[in-house]
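Data first, discussion second: the structure below is written as structure tokens.
Just so it is clear, the values below take in all heavy atoms, side chains as well, and ignore hydrogens, waters and symmetry mates.
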Amino acid sequence: MLVGRKKEIELLNAILQDNSSHFVAIYGRRRVGKTFLVREVFGYRFTFSHAGLSEGGMKEQLFAFSSSLKDAGYAFKRKPENWLEAFEGLKEVIRQSNEKRKVIFLDELSWMDTQKCDLMMALENFWNAFASARKDVVLIVCASATSWMLSKVVHNKGGLYNRLTEQINLRAFTLKECEEYVQAAGLVLNRNHILQYYMIFGGIPYYWGFLKKGFSLPQNIDHALFAKDAPLKEEFKYLYASVFKKPEGYVKIIETLGMKKVGMTREELIEASGIPNSGDLTMKLEELESCGFIRRYYAFGMKKKNAVYQLMDCFTLFHFKFLKDAPTDEHFWSNQINTPMVNTWMGLAFERVCMDHVNQIKMKLGISGVLSDVNSWYCKPDPDKGIFGSQIDMLITRKDQVINLCEMKYSGSEFAITENVDRSIRNKMHDLVLQTGTKYAIYPTLITTYGLVDNSYAANIQSVIVLDDLFV
């Protein structure tokens with residue numbers, strides 16, 4: 001069941017109908033649906049299709065590739081001993097094919113690129129010297145290791161430089177696309193249910209496939225994560241291992257960043273984790289960011305060198321909160337509804353969902369066409385300067401000299417601005433002006449599930465965005 005992906009489907013269909021060769025790179029995090037998209041669009045019909053092995057060296061990878069060549073009808077005179085010879089076999093498969101368009105699908109290409117092998121040289125030779133000289137080859141390469149794809153294929157500085165004809169960064173579903181999936185699957189979930197499931201799994205289509213008809217939302221979550229044979233009980237273990245060849249160092253960074261909601265500077269991360277300050281740390285942070293597990297942002301008004309790294313992956317955050325200690329209760333989630341621990345988590349998770357839907361927020365505010373920056377801001381208390389100490393999770397700084405100071409509040413009903421909440425917002429505005437010296441107008445903006453209770457404090461809120469506004 002292929003839901004959403006309209007632009008990607010149109011692009012791939014246009015490539016299929018074209019009369020020239022194409023080299024397409026598709027990347028995105030594990031489980032986002034890259035393989036499924038390609039298979040569905042091309043009707044599971046390929047001139048040649050192969051997926052790299054998650055384990056194994058060059059010998060094992062070549063053996064598997066040779067088996068795929070055999071399945072495609074290639075008769076070996078002798079087994080290839082390197083990738084250049086292996087791609088000679090692929091050329092022969094293409095020459096022998098009677099299909100109008102020769103669609104070649106190489107999945108999990110990064111796994112094929114083992115230590116000291118000549119894969120990229122062979123791929124370069126295959127495309128530059130053979131496929132690009134024809135008019136009928138569609139070469140599609142995929143990998144979940146986004147950082148590998150970006151460095152080795154998309155931004156290749158060698159023989160593949162500027163050779164890609166198209167690239168697709170396959171992103172997670174939005175709330176709207178998840179709703180389309182739920183409806184297509186015949187599931188009965190309202191938008192709050194969809195939001196809660198999104199808080200756990202984000203918009204990764206694979207995880208939405210575990211929803212079962214006839215189950216309530218808590219029952220579905222228990223089935224997927226907490227039951228004795230729950231299919232996703234060990235998912236965290238495989239999530240990072242499938243993307244990074246030595247995941248331990250990456251997981252240590254993730255675990256450390258998970259300790260602080262607002263994120264950490266590089267110096268804070270080093271101090272908290274004990275990880276040495278080195279180029280290796282820089283590389284790992286860049287790779288985690290390119291895969292979408294963390295984000296890097298610069299706090300409003302602060303120097304660019306003070307980047308803050310923040311853990312953003314919904315499932316990872318949920319794992320640290322509820323799965324890491326391996327609860328044995330098979331009905332854990334059903335029994336935790338409305339507990340303080342879950343309610344606190346929902347508040348934090350809702351903030352992450354809002355950050356994933358900034359475009360929808362800007363659309364509701366009517367500023368889609370206004371150039372703006374979205375970042376966070378914080379300051380420590382300083383009584384001598386009259387600074388209260390504030391943390392603002394989302395600021396939308398607009399070129400029309402307005403700042404939307406966004407308060408994100410998950411609530412099971414209409415949210416009421418209390419005296420304490422009102423004071424907190426006014427203190428944040430005070431700190432922001434005093435600390436940064438900004439002359440921009442500051443508009444307090446509330447993002448919540450069901451709207452705002454009309455009380456004496458409500459008039460101070462300039463704009464209200466509700467859950468339905470995120471489903472566009």
CA sep, side-chain torsions, deciding dist, call: D18, S20, side chain to side chain donor-acceptor pair (under 3.5 Å) | CA-CA 6 Å; D18 196 20; S20 60; 2.7 Å; yes

Just by distance, do the side chain of D222 and the backbone of W333 share a donor-acceptor pair under 3.5 Å? yes

When you look at E407 and K428, which way does the salt bridge (charged side-chain N to carboxylate O under 4.0 Å, His left out) test go after all the steps?
CA-CA 10 Å; E407 287 285 304; K428 289 177 181 179; 2.6 Å; yes

Any donor-acceptor pair under 3.5 Å linking the side-chain atoms of Y27 with those of Q167? yes

Compare all side-chain heavy atoms of P205 with those of F36 and state whether any distance is below 4.5 angstrom.
no

Got L281 and I270 here, is their nearest side-chain heavy-atom distance under 4.5 Å? yes

Here the gap from E255 atom CD to T316 atom OG1, rounded to the nearest 0.5 Å, amounts to 10.0 Å

Rounded to the nearest 0.5 Å, the CG atom of D325 sits from the CZ atom of F320 at a distance of 11.5 Å

task: Check the side chains of T418 and N420 for a donor-acceptor pair under 3.5 angstrom, ignoring hydrogens and angles.
output: no

Got a salt bridge between K261 and D393, using NZ or NE/NH1/NH2 to carboxylate O under 4.0 Å?
yes

Separation between CE (M408) and CZ (F415), nearest 0.5 Å, reads 12.5 Å

Min side-chain heavy-atom separation M363-N359 under 4.5 Å: no

- [ ] Can you label the angle between the F236 ring and the H319 ring as parallel, tilted or perpendicular, going by 30° and 60°?
- [x] parallel

Could you check whether atom CZ of F332 has more than 12 heavy atoms from other residues, nucleotides or ligands sitting under 6.0 Å from it? yes

Without swapping roles, check the side chain of Y197 against the backbone of Y207 for a donor-acceptor pair under 3.5 Å. yes

- Query: Is there a donor-acceptor contact under 3.5 Å from the side chain of N156 to the main chain of K152?
  - Reply: yes

F318 and W345: CA distance, side-chain angles, deciding distance, ring-ring contact (aromatic ring centres under 6.0 Å, His included) verdict
CA-CA 8 Å; F318 186 86; W345 165 79; 5.4 Å; yes

Task: D469 side chain to V466 backbone, donor-acceptor under 3.5 Å - done: yes

Closest non-hydrogen atoms of G202 and C314, given as atom of the first, atom of the second and distance, are N-CB, 3.7 Å

Query raised in the report: Between R352 and D356, is the closest basic N to carboxylate O distance under 4.0 Å?
Result: no

By ring pair (Phe, Tyr, Trp, His ring centres under 6.0 Å), H22 pairs with (sequence neighbours left out) none

Exercise. Answer yes or no: is there a side-chain heavy-atom contact under 4.5 Å between D329 and Q336?
Key: no

*asked:* Angle between ring planes, Y240 versus F244, binned at 30° and 60°: parallel, tilted or perpendicular?
replied: parallel

Practice task
Answer yes or no: are there more than 12 heavy-atom neighbours, outside E414 itself, under 6.0 Å from its atom CD?
Solution key: yes

What one should report as the nearest heavy-atom pair of I200 and L225 is CG2-CD1, 4.0 Å

- Task: Apply side chain to side chain contact (heavy atoms under 4.5 Å, CB included) to N192 and Y410, showing your working.
- Result: CA-CA 10 Å; N192 191 33; Y410 178 84; 3.1 Å; yes

*For the pair Y181 and W208, name the ring-plane relationship: parallel under 30°, tilted 30 to 60°, perpendicular over 60°.*
perpendicular

In terms of heavy-atom contacts, K362 and S372 come closest through NZ-OG, 2.9 Å

message = A side-chain contact here means heavy atoms from C-beta on lying under 4.5 Å apart; do R30 and E235 qualify?
response = yes

Check: For R171, does the CZ atom sit with more than 12 other heavy atoms under 6.0 Å from it, leaving out its own atoms?
Finding: no

Is a side-chain N or O of D431 found less than 3.5 angstrom from the main chain of I387, in a donor-acceptor match?
no

### Message
In terms of relative ring orientation, are F315 and F201 parallel, tilted or perpendicular, with 30° and 60° separating the classes?
### Response
parallel

Across all chains, not counting sequence neighbours, the ring pair (Phe, Tyr, Trp, His ring centres under 6.0 Å) partners of F300 are none

Does the side chain of E124 reach to within under 4.5 Å of the side chain of R163, using non-hydrogen atoms? no

Quiz item: Side chains of T445 and Q462: donor-acceptor distance under 3.5 Å anywhere?
Solution: no

The reported gap from CZ in R39 to CG in D107 (rounded to nearest 0.5 angstrom) is 6.5 Å

Closest non-hydrogen atoms of P444 and I425, given as atom of the first, atom of the second and distance, are CB-CG2, 4.1 Å

inquiry  = So does A227 get a backbone contact from the side chain of K233, meaning a donor-acceptor N/O pair under 3.5 Å?
reply    = yes

Note to self: Tell me if a side-chain donor or acceptor on S390 pairs with a main-chain N or O of C379 at a distance below 3.5 Å.
What the structure shows: no

Between K409 and L446, is there a donor-acceptor pair closer than 3.5 Å when you use the side chain of the first and the backbone of the second?
no

How about D454: does its CG atom have over 12 heavy atoms from other parts shown lying under 6.0 Å from it? no

Are there over 12 heavy-atom neighbours, none belonging to K364, within less than 6.0 Å of that residue's NZ?
no

Side chain to side chain contact (heavy atoms under 4.5 Å, CB included) evaluation trace for I9 with L37 = CA-CA 8 Å; I9 293 170; L37 170 68; 4.1 Å; yes

Could you verify whether a donor N or O on one side chain and an acceptor N or O on the other, from R31 and S144, lie under 3.5 Å apart?
no

dist F471:CZ -> E180:CD (nearest 0.5 Å) comes out at 11.0 Å

- Item | Donor-acceptor contact below 3.5 Å, side chain T397 vs main chain I403 | no

*Donor-acceptor under 3.5 Å (E177 side chain, T174 main chain)*: yes

Correct closest heavy-atom pair for V308 and V262 would be CG1-O, 3.6 Å

Fill in: Student check: side-chain heavy atoms of I367 and N404 closer than 4.5 Å
yes

Requested in this report: Would you please test V153 and W148 for side chain to side chain contact (heavy atoms under 4.5 Å, CB included) and show each step?
Outcome: CA-CA 8 Å; V153 180; W148 184 93; 3.9 Å; yes

Is any NZ, NE, NH1 or NH2 atom of the basic residue among K6 and E10 found under 4.0 Å from an Asp or Glu carboxylate oxygen of the other? no

Between C291 and R29 the two heavy atoms that sit nearest each other are O-CB, 3.7 Å

**Request:** Mind running side chain to side chain contact (heavy atoms under 4.5 Å, CB included) on F322 and M341 for me, showing each step along the way?
**Result:** CA-CA 10 Å; F322 298 107; M341 179 171 63; 3.7 Å; yes

### Query
Any side-chain heavy atom of M394 within less than 4.5 Å of one from M355?
yes

